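Below: one structure, written as structure tokens.
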There are 2 protein chains.
Amino acid sequence: MPPCIRNADLPHARNPIHSRALSGPSLASLSRPPRLPARSRVVSENFTLLFEGGRNRSLFRVLGGCIVLSQLLDDGRRQITDVLGPGRLFGFTVDGRNIATAETLSIARIESLGDAELHATNPAVASELKTTLHRLQTHATLLGRKTASEKVASALVELSRLFNRSRVPAPLSFHLHLTRADLADWLGLTVETVSRCLNRFKREGLIDFSHPKTMRVLDPERLKAAAGLTRQRATRGVHPQN
Amino acid sequence: MPPCIRNADLPHARNPIHSRALSGPSLASLSRPPRLPARSRVVSENFTLLFEGGRNRSLFRVLGGCIVLSQLLDDGRRQITDVLGPGRLFGFTVDGRNIATAETLSIARIESLGDAELHATNPAVASELKTTLHRLQTHATLLGRKTASEKVASALVELSRLFNRSRVPAPLSFHLHLTRADLADWLGLTVETVSRCLNRFKREGLIDFSHPKTMRVLDPERLKAAAGLTRQRATRGVHPQN
DNA sequence: GGAGGGCGTTGACAGCTGTCAACGCGGTTT
DNA sequence: AAACCGCGTTGACAGCTGTCAACGCCCTCC
């Protein structure tokens, strides 16, 4: 396993197997076949698969689980630039160097697609690149132009699409995979702000969660409204903060 | 000219030819040949070439001038997701729909490369896509994790590389192309904050400008430091704000 | 069983940045 | 020549969000 390096220095590098993570829908397929096709393999939680700036010659596809791409500033500030679910590709390089760090947030199954350069001419890969470009631009708009509430609501909508287990929309339930810190690093916020927004949404009946990572969307319409153009003041009512 | 539509409703849709824009280095080549190769054409300032969500079948290359890509939220908030100089490609689509709005900030020369789908298998296009992906991820880190000062300093470093006219680094001078409002929409700030940061840098001797768009970098090292990890408090000294 | 650490929540407070307003400058229009 | 508009700058102020701190819960380890 060439590029698979354990990141013991990460703050959350404990509990290699999160018990609740196994109940996730995208992970159910993991328990069945150990290794299905040729280059498929299972990676445990909180592994760093690729390091930003490192050398890597292979392209990967996510088959199951959750993987995030991130960048670091010199003083440790982190930005998660993309959250990948089943089907997504990662491992793109510029000048042979990894664009971003890739780490698993759950047990994940990934497939090595071989030399990344060979896939440059693959239409499916090009299509995936363009989709990723679109997703990143949309996220840039979120980072630059949305309020904290809108950011958190948008994240919930996005993640519910990525990881929802049921086909019916109403009592939508999904596993969050990201910690509050991960959400903060994804949305350009702090843990405290993320926590406050989530609990406000909970009080207002938009969502519910008993376990911090087991999310239920109670009111998809209002949540989508909160994620979009809804003026934050209009939905907040009397509460001065929080 | 199929997708070339004038945007008269833009706030800065006046003065179709900005006098100072003609003195820019990347535009010098414009005055020589009216139309060089086959599908090359000149577009004047403040034109919207593509609309986000619109249909478009062609890929374009910037030959000269400055073009920005942007997205809009429903209530009018704008995020500029990329600033393109000579050499950059744009016009990528997902499901046949433009990913972003593309507008000129100066007189620009662009080249139509024909059907975008045909280029999906072009290695040079794939390489450009990956470079763009990298640039966008870096900008996401800026948007989510940098302070206002760091954002503005980063923008100056980036734009000086895009549009500098001299090879020597020291008295680096370049045309900004972006208005304060454009900078704000690029960096996720407001016009006022951008203006305050620029004028603080000017007072501190990092940069200089007589005309708002004619920038000179006086101290590239300190500017780069301000763009990176430099703790904002450490550089600010006594001044409570600004 | 107790200690310790990761993670999440909540409160108090501060401050960076947004909001609102006014003004100046340059160019165009009437 | 006056009026007007776009653009940039500056000041006063507010508030959204960050910072700091404390606490609780759960799990692991000793």
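Letters A, B, ... are given to chains in the order of the sequence lines, protein chains preceding strands, and every chain is numbered from 1. Computed from a predicted model, the values in this text were never measured in an experiment.
Across the protein-nucleic acid pair, His211(B) atom NE2 and dT9(D) atom C1' stand 14 Å apart, rounded to whole Å. As a whole-Å value, the separation of Phe209(B) CZ from dC7(D) P is 17 Å. Between the C1' atom of dC7(C) and the CG atom of Asp185(A) lies a distance of 14 Å, rounded to the nearest Å. The CZ atom of Arg77(A) sits 9 Å away from the P atom of dT19(D) (whole-angstrom rounding). Taking atom CZ on Arg145(B) and atom C1' on dT17(D), their separation rounds to 12 Å, with Å as the unit. The CZ atom of Arg180(B) sits 14 Å away from the C1' atom of dC25(C) (whole-angstrom rounding). Distance Leu189(A) CG to dT19(D) P: 11 Å, rounded to the nearest Å. Rounded to whole angstrom, the span from the CG atom of Leu198(A) across to the P atom of dT17(D) amounts to 14 Å.
Taking 4.0 angstrom as the limit, Asn199(A) places a side-chain polar atom (N or O) nearer than this to OP1 or OP2 of dT10(C). Within the structure, a side-chain polar atom (N or O) of Thr193(B) is placed less than 4.0 Å from OP1 or OP2 of dG18(C).
Among residues two or more places apart in sequence or in another chain, the side chain to side chain donor-acceptor pair (under 3.5 Å) test is passed with Ser154(A) by Lys146(A). Under the side-chain contact (heavy atoms from CB on, under 4.5 Å) criterion, Thr190(B) pairs with Glu192(B), Thr193(B), sequence neighbours left out. Looking at residues two or more places apart in sequence or on another chain, you find a ring pair (Phe, Tyr, Trp, His ring centres under 6.0 Å) between Phe90(B) and Phe60(B). Remark: Lys151(A) engages no residue in a side chain to side chain donor-acceptor pair (under 3.5 Å) (not counting sequence neighbours). Take Arg180(A) and apply the salt bridge (charged side-chain N to carboxylate O under 4.0 Å, His left out) test, not counting sequence neighbours, and it matches no residue. With sequence neighbours excluded, the residues forming a side-chain contact (heavy atoms from CB on, under 4.5 Å) with Ala153(B) are Phe201(B), Leu223(B), Ala226(B), Ala227(B), listed by chain and number. Thr138(A) is linked by a side-chain contact (heavy atoms from CB on, under 4.5 Å) to His134(A), Gln71(B), counting only residues two or more places apart in sequence or in another chain.
Counting heavy atoms from C-beta outward, Leu218(B) and Leu206(B) have side chains that stay 4.5 Å or more apart.
When all heavy atoms of Val83(A) and Cys66(A) are compared, the closest pair comes out as CG1-SG, 3.8 Å.
For the helix from dG1(C)-dC30(D) to dT30(C)-dA1(D), the terminal axes (five pairs an end, C1' atoms, rotation from four pairs onto the next four) enclose an angle of 20°, given to 10 degrees.
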Can you pull every protein N or O that's under 3.5 Å from an N or O on nucleotides 20-24 of chain D?
from: dC20(D); atom 1: N4; to: Glu192(A); atom 2: OE2; distance (Å): 3.0

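Each of dT17(D), dG8(C), dC7(D) was ranked by its minimum atom distance to the side chain of Ala148(A); first place goes to dT17(D). Taking the side chain of Thr190(A) as heavy atoms from C-beta on, and the options dT19(D), dG8(D), dT17(D), the nearest nucleotide is dT19(D).
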